[in-house]
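Quick note: residue numbers are just sequence positions, from 1.
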Amino acid sequence: MAQKDLYLPFLALSIIACCLMNLQSVLSSSSRMRNSTDEISDDKCPPQPHPLGMCRSRVAAYGYPCEEYHVTTEDGYILSLKRIPYGLSGATEMTRTPVLLFHGLLVDGFCWVLSTPKQSLGFILADGGFDVWIANSRGTESSRRHTTLSPQDPAFWDWTWDQLADYDLPAVLEFVYNRTGGMKVHYVGHSLGTLIILAAFSENRLTDIVRSAALLCPIAYLNSMESRLILLATRIFLAETIHMLGYHEFNPVGPVAKEVLGKVCVDPEVDCYDLFSAVAGPDCCLNTSTTCIFLQHGPQSSSIKNMIHMSQLVRKETIRKYDYGSEKENTKRYNQTRPPTYNLSSIPSHVPLFLTHGGQDFLGDVADTRHLLRTLLSQHDSDDIEVLYMPDYAHGDFIMGYNAPQLIYKPMVEFFKRH
C-alpha cells in the first residue's frame, strides 16, 4: 500500500478523535451553553410548533379545503400527506391534474404554504386548477410514526435520502396516482426533493406515473459547494463525529445542533450572524414576515445518517448510495466494495423536466448545477426540457421569494400545461 493510502485513514481518524474530545466536552457541559449561538438566535421568531397541523393552522385559515392522509411505506414509516383538492374558486366538478410537492432537507410540507395565497406555491397551484398534494418525509413533525418503532429508537433514524428515494417517494406518488384514478402526476421538488426524484429516475423508476418534474434548486453534484459553514462541517467529519457519540436524530433547533453550531461558528470565515446566507447563499427577495413564519414553523428533523450521506456527496464528484466506510460493510449491503452510483445520464429522455437555479445559491451552486445540466441536456429533446436561470436568487428565494410567483411559478405552470 502506498504511503499516501496509509496516511489518509490515519488523518481522518485523528480529525475524528479530536472532534470527539472537543464535541464531547461541549455537549456534556451545560455551563458552556453561553456561546455565539446565543448572540445569533432571533428571539423575535421563536420556534412555534403547529399543534393543529398544517391543514387547520394554515390552509383552512385562508378558506381552502384541506385533507390529510396517512401513507405507510414498505419499510414501515407512516407519512402524512396533505391535499388541497381545489382553490377558492371551487369548481369541484372539473377534472384536475394532480401535482405532488416534495420539500427539501430540514423542512417539511409547510414550506409550500408559508406565505399568502398569492405568494405560496401550494395555493397558487390550487387556484390554477391543479389537485395539490403535499408530502412530508419521515422524521418531520407530522411523519414521526412507524408500524413498530418510535422516534426514541435509534433504528427509527437508520436511513438516508437513499430510503427517501426508495420508499417515501414511491409510496406518496403511487398513493396520489391511485387516489386520482390513475392520472399521471406532475412533480415539484425543492433541494433534496429534487435529488430523490433524480435518483429514482436514474434507476428507471416512477417514470410511468410521473407526468413531468419541476426541479427548484436541483441538488445532485455537490463537490463545488460554496457554503463555508457546510464545507467546514464536512471537512472535520462533524456529522460522523456526532453519530459516533451516539446521536441519531438531527434537530436543527435542538440543543445538540446549537452546540455544534457554536463550534463551527468560531471559524472566522463562517458568518453565523446571517445563517441563511452562510448556509444557502444571500437571498435577494425574502420579506421579514415570511422569513419569521419559516423560522417559527419550518425547521424539521432529519437523521444524522442522512447528514453523513450529504457530506459524502460534498467530498465526492459522483453521486453514490450511502458509503458504510468499509469494503466489508459495503459488500454486505450492496454486494460490491464501493456503493453503487446513481447514473443520471440514464434518466429516460421522455420525462419532461423543468429546472430552475440561482446564481447566488451556495447549495445548488452554478458549477455543480451546470454539471447536472450537461448530463441531462445531452439526453433530452429540447421540447421536453426547460432551464430557467435566476442570477440574483439563492436557495430560499425559490420557495419564499416575494417575486417567485411571477418569475418562477408562472413559467413552471405553463410548462405543466404543455405537458
Side-chain angles (χ1 to χ4, degrees), residues 99-109 111-112 121 133-137 160-166 168-170 172-173 185-203 205-207 210-225 227 279-281 302 306 309-310 313-314 318-321 342-348 351-358 361-377 379-380 384-390 393-401 404 408-409 411-412 415-416:
V99 56
L100 175 69
L101 310 182
F102 211 112
H103 59 83
L105 181 64
L106 301 181
V107 296
D108 66 357
C111 68
W112 302 111
L121 181 58
W133 298 77
I134 300 176
N136 295 274
S137 69
T160 80
W161 57 265
D162 283 335
Q163 284 68 52
L164 301 188
D166 289 344
D168 290 29
L169 182 60
V172 293
L173 266 173
V185 184
H186 289 297
Y187 179 88
V188 180
H190 176 252
S191 191
L192 190 65
T194 69
L195 176 60
I196 59 176
I197 195 73
L198 288 171
F201 284 167
S202 74
E203 297 178 335
R205 294 186 289 116
L206 304 177
T207 57
V210 173
R211 192 182 186 101
S212 73
L215 311 182
L216 313 182
C217 311
I219 294 292
Y221 304 100
L222 293 178
N223 58 294
S224 297
M225 169 79 64
S227 170
V279 172
S302 185
N306 191 32
H309 197 180
M310 297 304 296
L313 290 184
V314 176
T318 55
I319 307 168
R320 294 184 177 273
K321 293 182 183 291
Y342 290 101
N343 182 11
L344 301 190
S345 64
S346 66
I347 292 176
V351 180
L353 297 175
F354 176 92
L355 303 98
T356 178
H357 65 114
D361 190 347
F362 284 0
L363 299 178
D365 68 280
V366 173
D368 284 330
T369 304
R370 285 179 177 170
H371 184 184
L372 170 64
L373 291 174
R374 285 193 297 270
T375 303
L376 298 176
L377 289 170
Q379 304 296 322
H380 266 70
D384 285 332
I385 191 166
E386 183 173 327
V387 179
L388 179 60
Y389 175 60
M390 303 297 297
Y393 263 37
H395 210 66
D397 291 308
F398 289 88
I399 55 171
M400 295 187 289
I408 306 297
Y409 306 154
M412 183 182 72
F415 181 83
F416 286 165

Dump the intermediate steps for side chain to side chain contact (heavy atoms under 4.5 Å, CB included) on Val99 and Phe416, then the final yes or no. CA-CA 9 Å; Val99 56; Phe416 286 165; 4.2 Å; yes
Evaluation steps, side chain to side chain contact (heavy atoms under 4.5 Å, CB included), between Leu198 and Ile219: CA-CA 9 Å; Leu198 288 171; Ile219 294 292; over 6 Å; no
May I have the step-by-step check of side chain to side chain contact (heavy atoms under 4.5 Å, CB included) for Phe354 and Asp384, ending in yes or no? CA-CA 8 Å; Phe354 176 92; Asp384 285 332; over 6 Å; no
Given side chain to side chain contact (heavy atoms under 4.5 Å, CB included), test Ile399 with Ile408 step by step and report yes or no. CA-CA 9 Å; Ile399 55 171; Ile408 306 297; over 6 Å; no
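For the residue pair Asn306/Thr160, the side-chain donor-acceptor check at 3.5 Å is not satisfied. Under 3.5 Å, the side chains of Asp162 and Tyr342 contain a donor-acceptor pair of N or O atoms.
The environment of CZ in Arg320 is crowded: more than 12 heavy-atom neighbours from other residues, nucleotides or ligands sit within 6.0 Å.
Aromatic ring orientation, His395 versus His190: tilted (interplanar angle from 30° to 60°).
Within the 3.5 Å criterion, the main-chain N or O of Gly358 finds no donor-acceptor partner in the side chain of Asp361. At least one donor-acceptor pair under 3.5 Å links the side chain of Thr356 to the backbone N or O of Leu388. Checked by atom type and distance alone, the side chain of His103 pairs as donor or acceptor with a backbone atom of Ser137 at under 3.5 Å. For Ser202 (side chain) and Leu344 (main-chain N/O), no donor-acceptor pair under 3.5 Å exists by modelled atom type.
Leu355 CG to Thr194 OG1: the interatomic distance, rounded to the nearest 0.5 Å, is 8.5 Å. Expressed to the nearest 0.5 Å, how far CD1 of Ile134 lies from CH2 of Trp112 amounts to 9.0 Å. The OH atom of Tyr409 sits 5.0 Å away from the CG atom of Leu121 when rounded to the nearest 0.5 Å. Between atom CD1 of residue Ile385 and atom CG of residue Leu376 there is a gap of 5.0 Å, rounded to the nearest 0.5 Å. Atom CG of residue Leu222 and atom CG of residue Leu363 lie 8.0 Å apart, to the nearest 0.5 angstrom. The structure places CG of Leu215 at 11.0 Å from OG of Ser191, a figure rounded to the nearest 0.5 Å.
Between Leu105 and Ser302, the shortest heavy-atom distance links the atoms CD1-OG, 3.8 Å. The heavy-atom pair separating Asn136 from Gly109 by the smallest distance is OD1-N, 2.9 Å. Taking each heavy atom of His309 and Lys321 in turn, the nearest pair found is NE2-C, 3.4 Å. Here the closest non-hydrogen pair linking Val107 and Cys111 is CG2-SG, 4.5 Å. The nearest pair of heavy atoms linking Phe362 to Val279 is CB-O, 3.8 Å.
Leu353 is not listed as a side-chain neighbour of Ser212, based on a closest heavy-atom distance of 4.5 Å or more. Side chains of Met310 and Leu192 form a contact here, defined as non-hydrogen atoms less than 4.5 Å apart. Residues Ile319 and Leu313 are in side-chain contact: their nearest non-hydrogen atoms beyond the backbone lie under 4.5 Å apart. With a 4.5 Å cut-off on side-chain heavy atoms, Met390 and Asp397 do not count as touching. Residues Asp166 and Arg205 meet the side-chain proximity criterion, which asks for heavy atoms closer than 4.5 Å. In this structure the side chain of Phe201 reaches within 4.5 angstrom of the side chain of Thr207, judged on heavy atoms. At a threshold of 4.5 Å between non-hydrogen side-chain atoms, the residues Phe102 and Val172 count as touching. For the pair Leu169 and Leu164, the minimum side-chain heavy-atom distance is 4.5 Å or more.
Residue Ser224 is tested with Thr369, Asp365, Val366 for a side chain to side chain contact (heavy atoms under 4.5 Å, CB included); the sole match is Asp365. In summary, of the residues considered (Tyr393, Phe398, Tyr389), a ring-ring contact (aromatic ring centres under 6.0 Å, His included) with His357 occurs for Tyr389 alone.
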